[in-house]
Amino acid sequence: MKKLLVVGLVISNFVFAQRTKNDTLQYDADYLPTVGPAPIKKKEKPLPLSKKGQMFIFYGWNRGAFSNSDIHFTGNGYDFQLNNVQARDKPTKFGIVYIDPSWFTVTQYNFRLGYFIKDNLALVLGIDHMKYVMKQDQTADFSGTISDPKYAGMVQNGQVNLADSQFLTFEHTDGLNYENLGLEKYKNLIHKKNIDLVWSYGAGIGVMFPKSNIKLFGNERSDRFHVAGMGTDLRTSLNMVFWKNWMIRVEGKAGYINMWDIKTTLNNKPDKARQDFVFGQVLAGVGYTFNTKKYN
């Protein structure tokens, strides 16, 4: 009987052990972690004016101001300087000329093409079409020599009155063209669903390519495009971007212009003038910003 009892216990323990093992395996399997591919995170479209590879294009209009400057004239029979000459800009009266493409060069306009070479850093090609007009109703200090007695006689007590336009008219009105390349840093200030406010600051350098309207001593008026010197500037802007793409830009800049080869006669005579001055400019206009690569 004992033997039968022992054999029964051994068999029952074996069966229980097997069941417990199977239950444990089933329990552990229920708690094994799920193995599979991780979910792919969807890329979000980047903020405007922020990412490498983005671009923008802009067109607007400006007002300018210029410091007084000394203008030095040299040519056959004269070598003189007018000191502290005053000048102003020449804005076009508001009208259809501001939106008619066939007349766009008449206004004081600005063009920008920007490309983000790094996140928040753009390389910007710019054309600033300013207009510079010497104030005619002024008396300027004079130093130097003029061989023509008619015009030498207009100098009285070291000064010359420019009001009657016989001595000189002097303008860069077609215009004072500053062709520049700049670097601009951008920072997003406000980000909402359909609107962003982005601030930028930077600096630029470029060539002066004016079409100067100058008439000196009754000579035929000089009126042609010519590389006359160089300029440099500091700039800052606020950009309001709507619906990720459309942009309103307001920009301010201050800079320095040095033109050492201004043509003062129409032909290829060696007659020329040189001047340098500080300028300030405010501008506003519209633009469009876009990505050059796709985002999922």
Side-chain angles (χ1 to χ4, degrees), residues 36-65 99 101 104 107-130 176-209 229-258 278-296:
I40 299 174
K41 187 177 181 180
K42 186 177 180 180
K43 291 184 179 179
E44 294 183 0
K45 189 175 181 180
L47 299 180
L49 303 176
S50 66
K51 282 293 185 181
K52 180 180 179 180
Q54 290 181 332
M55 293 186 70
F56 69 86
I57 189 169
F58 166 86
Y59 186 87
W61 303 271
N62 69 72
R63 290 298 308 267
I99 57 175
F104 79 95
T107 62
Q108 297 180 174
Y109 71 87
N110 298 81
F111 172 79
R112 299 281 186 273
L113 179 63
Y115 178 77
F116 280 77
I117 57 175
K118 294 175 62 176
D119 288 357
N120 301 309
L121 183 67
L123 184 66
V124 182
L125 175 66
I127 300 174
D128 291 20
H129 180 81
M130 299 176 282
L176 183 64
N177 300 309
Y178 175 40
E179 322 284 346
N180 57 88
L181 192 64
L183 281 174
E184 297 178 2
K185 186 78 172 177
Y186 285 75
K187 180 177 178 60
N188 192 292
L189 301 179
I190 297 175
H191 173 60
K192 300 293 184 181
K193 182 178 180 181
N194 289 317
I195 189 169
D196 289 87
L197 181 64
V198 187
W199 171 54
S200 80
Y201 61 92
I205 189 170
V207 298
M208 303 306 304
F209 191 57
M230 296 190 69
T232 186
D233 73 89
L234 298 173
R235 78 272 299 261
T236 186
S237 73
L238 281 175
N239 304 272
M240 189 79 73
V241 184
F242 300 90
W243 305 296
K244 303 296 184 182
N245 296 107
W246 294 100
M247 176 174 68
I248 295 176
R249 183 182 182 103
V250 178
E251 181 179 306
K253 66 166 49 178
Y256 170 73
I257 288 172
N258 190 325
V278 173
F279 75 95
Q281 183 186 168
V282 292
L283 60 103
V286 296
Y288 189 82
T289 177
F290 54 95
N291 300 314
T292 59
K293 60 181 180 179
K294 293 182 179 180
Y295 293 87
N296 295 327

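In what follows, residues are counted from 1 in the order of the sequence shown.
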- Heavy-atom neighbours of Lys185 NZ exceed 12 at 6.0 Å: yes
- Message: What verdict does the ring-ring contact (aromatic ring centres under 6.0 Å, His included) test give for Tyr288 and Trp246, after you've listed the backbone C-alpha separation in whole Å, the side-chain angles of each residue and the deciding distance to 0.1 Å?
- Response: CA-CA 5 Å; Tyr288 189 82; Trp246 294 100; 4.8 Å; yes
- Will you find, in the side chains of Asn239 and Tyr186, an N or O donor that is under 3.5 Å from an N or O acceptor? no
- Message: Restricting to non-hydrogen atoms, name the atom on Gly204 and the atom on Arg235 that form the minimum distance, rounded to 0.1 Å.
- Response: CA-NH2, 3.6 Å
- Give the minimum heavy-atom separation between Gly64 and Gln108, together with the two atoms involved. N-NE2, 4.3 Å
- Closest approach of Ser200 to Glu184 (non-hydrogen atoms, all atoms of both residues): OG-OE1, 4.1 Å
- When rounded to the nearest 0.5 Å, the distance separating OH of Tyr109 from CH2 of Trp61 is 12.5 Å
- Query: Heavy-atom distance under 4.5 Å between the side chains of Leu113 and Met55, does that happen here?
  - Reply: yes
- Message: I'd like to check Phe116 versus Lys51 (side-chain heavy atoms, cut-off strictly below 4.5 Å). Are they in contact?
- Response: no
- Message: Could you measure the distance from the CG atom of Leu183 to the CD1 atom of Ile205? Nearest 0.5 Å is fine.
- Response: 11.5 Å
- Query: Looking at CG of Asp196 and NZ of Lys244, how far apart are the two atoms once the value is rounded to the nearest 0.5 Å?
  - Reply: 5.0 Å
- Message: Within the 3.5 Å criterion, strictly below it, is a donor on Asn110 or Gln281 matched to an acceptor on the partner's side chain?
- Response: yes
- Task: Search all heavy atoms of Lys52 against all heavy atoms of Asp119 and return the closest pair with its distance.
- Result: N-OD1, 2.9 Å
- Note on the structure: dist Asn194:CG -> Lys192:NZ (nearest 0.5 Å) comes out at 12.0 Å
- Query: Are Asn188 and Leu49 close enough that some pair of their side-chain heavy atoms sits under 4.5 Å apart?
  - Reply: no
- Heavy-atom pair with the smallest gap, counting every atom of Ala284 and Val250: CB-CG2, 4.3 Å
- Message: Nearest 0.5 angstrom please: Met240 CE to Arg249 CZ, how far?
- Response: 13.5 Å
- Task: For side chain to side chain contact (heavy atoms under 4.5 Å, CB included), just list the numbers for Met208 and Tyr178, CA-CA rounded to whole Å, side-chain angles, deciding distance to a tenth of an Å, and then say yes or no.
- Result: CA-CA 5 Å; Met208 303 306 304; Tyr178 175 40; 3.6 Å; yes
